[in-house]
Amino acid sequence: MDYKLIAGLGNPGPEYEETRHNAGFLALDLLADELGAHYWKNECGALVAHVQHGGEELLLAKCADLENAVEESCTVGDYCKRIYSRRRT
């Protein structure tokens, strides 16, 4: 099965929860609520929720690193490759 990844960037930690630095996390939370994905788990260096929508499997991912460090530590492509390869086995 193929997956579609929707990644939200932000900064982890309570000091960033309701700030503009977490706009990506906040948008992803709203989408997750609308799609009925309420369970997030740590997977591949991100908080990930799996949900079905329109006959497709979606991966909602929040990078666990600071937004400014995302380029160095957790690329969207890495999420897809690692998560997808785990699911296929």
Contact check, side chains of H50 and V48, non-hydrogen atoms, under 4.5 Å = yes
Decide yes or no for W40 and D29: does some side-chain heavy atom of the first lie under 4.5 Å from some side-chain heavy atom of the second?
-> yes
Can you establish whether the number of heavy atoms outside E34 located under 6.0 Å from its atom CD is more than 12?
-> no
Can you tell if the side chain of N11 reaches within under 4.5 Å of the side chain of N22, non-hydrogen atoms only?
-> yes
Any K4 side-chain heavy atom under 4.5 Å of H53 side chain = no
Cluster overlap L26 with L9, hydrophobic side-chain contacts below 4.5 Å = no
Taking it one step at a time, do L31 and L60 satisfy side-chain contact (heavy atoms from CB on, under 4.5 Å)?
-> CA-CA 9 Å; L31 180 61; L60 309 179; 4.1 Å; yes
Check whether any side-chain N or O of N42 sits under 3.5 Å from a backbone N or O of L47 as a donor-acceptor pair, and report yes or no.
-> no
Does the side chain of K62 reach to within under 4.5 Å of the side chain of L28, using non-hydrogen atoms?
-> yes
